[in-house]
Novice: 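Dropping a structure here in structure tokens format, bear with me for questions.
Note that these values count all heavy atoms, side chains included, but never hydrogens, waters or copies made by symmetry. This is a predicted model, so every value here is computed, not measured.
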Amino acid sequence: MSAPPPLQIREANAHLAAVHRRAVELEARLDAAERTVRAQAERLARHDQQLRAALDELGRTKDREIATLQEQLLTSEATVHSLQAAVQQRDKLIGQLQPRAELLQDICRRRSPLAGLLAALAEAERLGPLPASNPGHPLSGGPSSPLANSTGEKGDRDHLQPAVFGTTV
């Protein structure tokens, strides 16, 4: 075999140099791309760790809030039960006091007539008993007395006594 001409050798050397430069350039770009990928992977790993830490903190916060709300719910339920018991106790007391209240209302409705009756009885007491008088006098309470029996019944009038007003208070 014969040696290639010098021009072909120069062209081949130039081509080899260009291929070598291109290979070096591509290796540099590959290294840069690998560094970028590694940096992005590291950033993604850090970001992933931050997200996991944030999610863990959110989970703990949620658990604390749930525990607090459960405690408040239990407290509220206890308060509700206590208030229901108080309401039942008051309802029972109202049931016991209702007849007495109705009686007091009845007494209050009858107060005016009762006060008038008491005033009349006091006046009658102030007047005192009838003086003992003549047995034949019509108001002496004898057998001919029209006041002896005010019910209008006819019958034995001897057993009736003259009326004497007084109170035993």
Side-chain angles (χ1 to χ4, degrees), residues 30-169:
L30 179 63
D31 285 343
E34 286 176 347
R35 283 192 304 271
T36 301
V37 166
R38 276 193 299 273
Q40 287 177 346
E42 288 174 5
R43 280 195 306 266
L44 283 174
R46 282 193 307 271
H47 187 66
D48 187 48
Q49 286 176 340
Q50 291 172 347
L51 285 176
R52 286 183 188 193
L55 284 174
D56 289 345
E57 181 60 30
L58 281 174
R60 286 189 295 273
T61 301
K62 175 193 64 125
D63 291 343
R64 284 191 302 268
E65 287 179 8
I66 287 173
T68 301
L69 290 172
Q70 285 176 335
E71 186 177 316
Q72 289 175 350
L73 178 63
L74 291 175
T75 302
S76 296
E77 286 176 348
T79 302
V80 165
H81 289 303
S82 172
L83 291 173
Q84 284 175 338
V87 165
Q88 287 175 349
Q89 188 176 21
R90 288 191 178 123
D91 285 346
K92 183 179 176 182
L93 180 61
I94 287 171
Q96 292 172 347
L97 294 177
Q98 189 67 37
R100 293 177 182 181
E102 291 170 0
L103 178 62
L104 285 175
Q105 287 175 345
D106 190 35
I107 288 170
C108 288
R109 279 192 299 270
R110 297 178 187 195
R111 184 176 179 199
S112 294
L114 183 60
L117 177 63
L118 290 174
L121 288 174
E123 178 65 20
E125 190 173 294
R126 186 186 64 78
L127 292 175
L130 288 176
S133 64
N134 180 349
H137 191 274
L139 292 178
S140 66
S144 64
S145 172
L147 296 177
N149 187 352
S150 63
T151 62
E153 295 178 6
K154 297 189 181 198
D156 187 18
R157 296 178 183 225
D158 293 333
H159 69 282
L160 297 176
Q161 299 293 322
V164 176
F165 292 103
T167 59
T168 56
V169 179

Novice: With the threshold set at 4.0 Å, does a side-chain nitrogen-carboxylate oxygen contact exist between D106 and R109?
Specialist: yes
Novice: What residues, two or more places apart in sequence or in another chain, satisfy side-chain contact (heavy atoms from CB on, under 4.5 Å) together with E102?
Specialist: Q98
Novice: Any side-chain heavy-atom pair from V87 and Q84 closer than 4.5 angstrom?
Specialist: no
Novice: Would you please name every residue forming a side-chain contact (heavy atoms from CB on, under 4.5 Å) with T61, sequence neighbours left out?
Specialist: E57, R64, E65
Novice: Can you name the nearest heavy-atom pair linking P99 to G95, along with the distance?
Specialist: CD-O, 3.3 Å
Novice: What distance do E71 atom CD and S76 atom OG have between them, rounded to the nearest 0.5 Å?
Specialist: 10.5 Å
Novice: Would R52 and D48 pass as an ion pair if we require N to O under 4.0 Å?
Specialist: yes
Novice: Tell me, yes or no, whether the heavy-atom count around R60 atom CZ, taken from other residues, nucleotides or ligands under 6.0 Å, exceeds 12.
Specialist: yes
Novice: If you round to the nearest 0.5 Å, how far is CD of Q70 from CG of D63?
Specialist: 9.5 Å
Novice: Enter the distance from R38:CZ to D31:CG here, rounded to the nearest 0.5 Å.
Specialist: 8.0 Å
Novice: Which value, rounded to the nearest 0.5 Å, describes the distance between L51 atom CG and H47 atom NE2?
Specialist: 4.0 Å
Novice: Rounded at 0.5 Å granularity, tell me how far CG in L74 sits from OG1 in T79.
Specialist: 10.5 Å
Novice: Should we count CD of E77 as having more than 12 external heavy atoms under 6.0 Å?
Specialist: yes
Novice: Passes side-chain contact (heavy atoms from CB on, under 4.5 Å), Q72 versus T68? Steps please.
Specialist: CA-CA 6 Å; Q72 289 175 350; T68 301; 3.9 Å; yes
Novice: Applying side-chain contact (heavy atoms from CB on, under 4.5 Å) to V37 and E34, what does each step give before you reach the verdict?
Specialist: CA-CA 5 Å; V37 166; E34 286 176 347; 5.6 Å; no
Novice: Starting at CD of Q40, measure out to CD of E42 and round the result to the nearest 0.5 Å.
Specialist: 11.0 Å
